[in-house]
Amino acid sequence: MVQNRNQQRSTKGELHEEIEINCLRLSSEGVGIGYDQGKATFVAGLLPEERGKVLVTEEKKSWQRARLLSLEKEADERVEPPCRAFEVCGGCRLQHLNYAETLKWKERWVRDALERIGKINLEKVEVFPTMGMENPWRYRNKARLHQTFTGELGYYQEKTRETVEFPDCLLISETMNTWVQKVRETLKKAKLGIKSITFRENTKGEGMIIFDGVSRSELPDPVLSSLKEKLNMDSTDTRMESKIRSVWGINSSGVPELWWGQEFLTEKILGLNFKLSPFAFLQVNPLQTQKLYSTALDWAEITKESQVWDLYCGIGTISLALAQKAHKVWGIEENPYAISDAKINAEINHLDNVEFLQGKVEDVLPQIPVNPDVVVLDPPRAGVHSRVLKSLIEVKPERIVYVSCDPGTLARDVGVFQKEGYQVQKVQPVDMFPWTQHVESIIMMTYCGQKDK
């Protein structure tokens with residue numbers, strides 16, 4: 001629906017039209033979609049069942065983008081975003097939508113991707129509602145911030161290199177926000193050319209700070225001394241709220257250097273103990289990680305005779321949980337630091353029926369001497385490499401459990417498996433990243449031998 005077509009100049013001086021749009025749905029990027037004379041129009045901040053005046057900012061042959069100018073009709077599901085940086089940050093695209101509704105849309109995005117991209121018939125598949133959080137705030141155990149030349153420290157604004165400072169990010173703990181503020185105060189007085197600063201926190205409230213792009217030799221002693229003083233890093237009082245346990249730097253060669261404190265943090269997941277080094281990957285939401293991995297383990301249906309492959313295994317979180325039930329687990333991970341952690345984690349938990357191999361999964365897979373009964377996949381956002389898909393189709397494991405952070409690549413890969421005789425049995429979306437457009441998913445497939453079914 002289009003009304004009141006006017007022309008005005010955008011912020012870049014280009015002449016664009018001001019139109020009125022009815023929003024019909026949300027894209028998988030969390031952006032409202034309406035139609036202007038049959039052309040799909042994407043408007044950030046506009047919700048389904050809302051009507052708004054928008055300014056077209058980018059035009060293509062079959063679609064266009066527009067900026068919301070004003071709301072003419074509000075949806076019942078709209079809420080007031082509590083974050084003061086919401087409109088400029090872009091990290092939490094869905095803070096203006098009530099939480100229950102965001103969970104429904106995330107399930108819908110997973111369903112849509114599987115049906116449209118993967119050509120999966122979901123009529124015979126159990127698709128569960130998105131697994132949400134009771135309190136969807138302050139859940140992140142990691143934040144990566146960037147510093148400008150003038151000393152500002154914050155997130156990158158969406159699709160730009162502009163830094164957005166924040167007084168209180170509601171996705172990280174109050175303690176981590178305090179660390180950010182203390183570091184910000186110190187660095188405004190010292191221009192160090194830092195690429196980024198990563199803050200990590202375990203469930204015990206202990207922290208690690210990692211400076212990327214600067215070596216210890218480039219860090220003036222007064223700066224580190226100031227950081228240690230502001231963050232109480234020399235305090236042995238465990239009652240102190242600020243419990244920074246280590247400060248690391250990553251030099252220009254990409255090598256980590258311990259500047260101060262202990263080498264790693266520890267974390268407990270599914271009753272197992274894990275070492276976390278600066279480069280170790282860990283899911284950012286501890287509470288939802290327990291639910292995610294518990295579901296994946298349950299669907300794997302491991303027995304004492306099972307030979308299991310855990311591909312893209314990281315620091316061995318799923319591998320070690322699988323090893324408690326399986327005959328043997330093989331984990332593969334490209335990151336050498338993560339593999340080193342995984343091997344130590346196996347020793348810490350006294351598990352000797354798991355073996356970790358370092359390298360690209362597609363290259364290392366032929367080194368595993370046994371075929372799997374069960375395969376667990378937890379690849380990066382780009383999905384599973386085509387050579388890995390081919391190898392798995394050749395060995396035909398009875399069961400595949402696929403954990404994914406991207407519905408599109410998940411659907412693409414699952415579609416390949418379906419063409420070669422696998423059938424999707426269960427789908428569980430998990431809200432690992434409340435208020436963002438991102439959704440984690442777990443898929444369980446079994447081999448049925450009937451191709452394209």
Side-chain angles (χ1 to χ4, degrees), residues 28 109-128 292 295-303 305-313 318-319 322 326-334 357 359-430 439-453:
S28 58
W109 293 333
V110 173
R111 283 179 172 272
D112 178 66
L114 290 171
E115 291 177 328
R116 182 174 50 84
I117 300 172
K119 310 302 180 188
I120 309 299
N121 182 357
L122 295 180
E123 291 183 3
K124 298 180 181 179
V125 178
E126 284 188 275
V127 182
F128 298 96
L292 179 80
T295 302
L297 290 169
D298 182 45
W299 288 4
E301 296 186 11
I302 302 299
T303 70
E305 289 75 40
S306 297
Q307 296 280 355
V308 184
W309 292 0
D310 180 17
L311 310 184
Y312 311 94
C313 68
I318 296 181
S319 303
L322 291 165
H327 176 71
K328 182 68 179 282
V329 176
W330 301 82
I332 302 178
E333 168 61 43
E334 181 177 2
L357 303 174
K360 292 183 178 180
V361 175
E362 58 269 25
D363 295 333
V364 177
L365 209 55
Q367 297 179 23
I368 302 180
V370 297
N371 287 345
D373 302 303
V374 179
V375 170
V376 176
L377 298 166
D378 190 1
R381 193 170 298 278
V384 179
H385 193 281
S386 58
R387 285 166 53 199
V388 177
L389 293 174
K390 183 179 178 182
S391 296
L392 294 179
I393 288 164
E394 288 176 354
V395 298
K396 294 181 176 61
E398 297 174 8
R399 184 179 299 264
I400 296 175
V401 178
Y402 192 142
V403 180
S404 170
C405 60
D406 187 281
T409 55
L410 168 69
R412 178 201 66 198
D413 295 342
V414 171
V416 173
F417 283 118
Q418 178 178 258
K419 289 180 179 178
E420 298 298 331
Y422 281 87
Q423 190 170 71
V424 177
Q425 304 292 340
K426 299 177 182 179
V427 180
Q428 176 65 74
V430 180
V439 56
E440 200 88 4
S441 305
I442 313 169
I443 298 281
M444 191 271 279
M445 297 173 279
T446 57
Y447 185 69
C448 62
Q450 296 179 332
K451 297 186 178 184
D452 295 308
K453 296 293 183 182

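The figures that follow rest on heavy atoms only: side chains count, while hydrogens, waters and symmetry mates do not. Here the structure is a predicted model, which is why all the values come from computation and not from measurement. This chain uses plain numbering: 1 for the first residue, then up along the sequence.
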Problem set entry | Note, I368 side chain near I332 side chain (heavy atom, < 4.5 Å) | yes
Exercise. Taking the side chain as C-beta and beyond, is there a heavy-atom pair between S404 and I443 under 4.5 Å?
Worked result: no
For this session: Report yes if some heavy atom in the side chain of F417 is under 4.5 Å from a heavy atom in the side chain of L392; otherwise report no.
Result: yes
For this session: Check whether any side-chain heavy atom of E333 sits under 4.5 Å from a side-chain heavy atom of D310, and report yes or no.
Result: no
Seminar exercise, completed: On a heavy-atom basis, the closest approach of G331 and C313 is C-SG, 3.7 Å
For this session: Report yes if the side chains of V376 and L322 come closer than 4.5 Å at any heavy-atom pair, otherwise no.
Result: yes
For this session: May I ask you to decide if K119's main-chain N or O and Q418's side chain share a donor-acceptor pair within less than 3.5 Å?
Result: yes
Problem set entry | Shortest non-hydrogen contact between P407 and V439, atoms and distance | CG-CG1, 3.7 Å
Seminar exercise, completed: Here the gap from H327 atom NE2 to E305 atom CD, rounded to the nearest 0.5 Å, amounts to 8.5 Å
Exercise. Under the 3.5 angstrom rule, does the side chain of D373 hit a backbone N or O of Q307 as a donor-acceptor pair?
Worked result: yes
Problem set entry | Check: V308 main-chain N/O paired with S306 side-chain donor or acceptor under 3.5 Å | no
For this session: For H385, look at atom NE2 and say whether over 12 heavy atoms of other residues, nucleotides or ligands are found less than 6.0 Å away.
Result: yes
Exercise. Would one find more than 12 heavy atoms of other residues, nucleotides or ligands at under 6.0 Å from atom CD of E398?
Worked result: no
For this session: Report the C-alpha separation of I120 and V414 in whole Å, then their side-chain angles, then the decisive distance to 0.1 Å, and conclude whether the side-chain contact (heavy atoms from CB on, under 4.5 Å) test is met.
Result: CA-CA 8 Å; I120 309 299; V414 171; 3.7 Å; yes
Exercise. What is the distance from atom CG of N371 to atom CH2 of W309, rounded to the nearest 0.5 Å?
Worked result: 5.5 Å
For this session: For E301, check salt bridge (Lys or Arg N to Asp or Glu O under 4.0 Å) against everything at least two apart and list the hits.
Result: R399
Problem set entry | Pair I302-L297, side-chain contact (heavy atoms from CB on, under 4.5 Å): steps then yes or no | CA-CA 8 Å; I302 302 299; L297 290 169; 5.8 Å; no
Problem set entry | Stepwise side-chain contact (heavy atoms from CB on, under 4.5 Å) test for L122 and R111 | CA-CA 8 Å; L122 295 180; R111 283 179 172 272; 4.0 Å; yes
Exercise. Is the closest side-chain heavy-atom distance between L311 and L365 below 4.5 Å?
Worked result: yes
Exercise. For V125 and N121, which heavy atoms make the closest approach, and how far apart are they?
Worked result: CG2-O, 3.6 Å
For this session: Could you tell me whether the side chain of R381 and the main chain of C405 form a donor-acceptor pair under 3.5 Å?
Result: yes
For this session: Look at the rings of F128 and W299 and say which category their plane angle falls in: under 30° parallel, 30 to 60° tilted, over 60° perpendicular.
Result: tilted
Problem set entry | Side chain to side chain, W109 and P429, heavy atoms closer than 4.5 Å | no
Problem set entry | Exercise: identify the closest heavy-atom pair between V364 and G359 | CG2-CA, 3.6 Å
Exercise. Does some side-chain heavy atom of K396 sit less than 4.5 Å from a side-chain heavy atom of Y422?
Worked result: yes
Exercise. Any idea which heavy atoms bring D378 and E440 closest together, and the distance?
Worked result: OD1-OE2, 4.4 Å
For this session: Please name the pair of heavy atoms, one in S441 and one in V110, separated by the smallest distance, quoted to 0.1 Å.
Result: OG-CG2, 3.4 Å
Problem set entry | Sequence-distant partners of V416, side chain to side chain contact (heavy atoms under 4.5 Å, CB included), two or more places apart | L389, I393
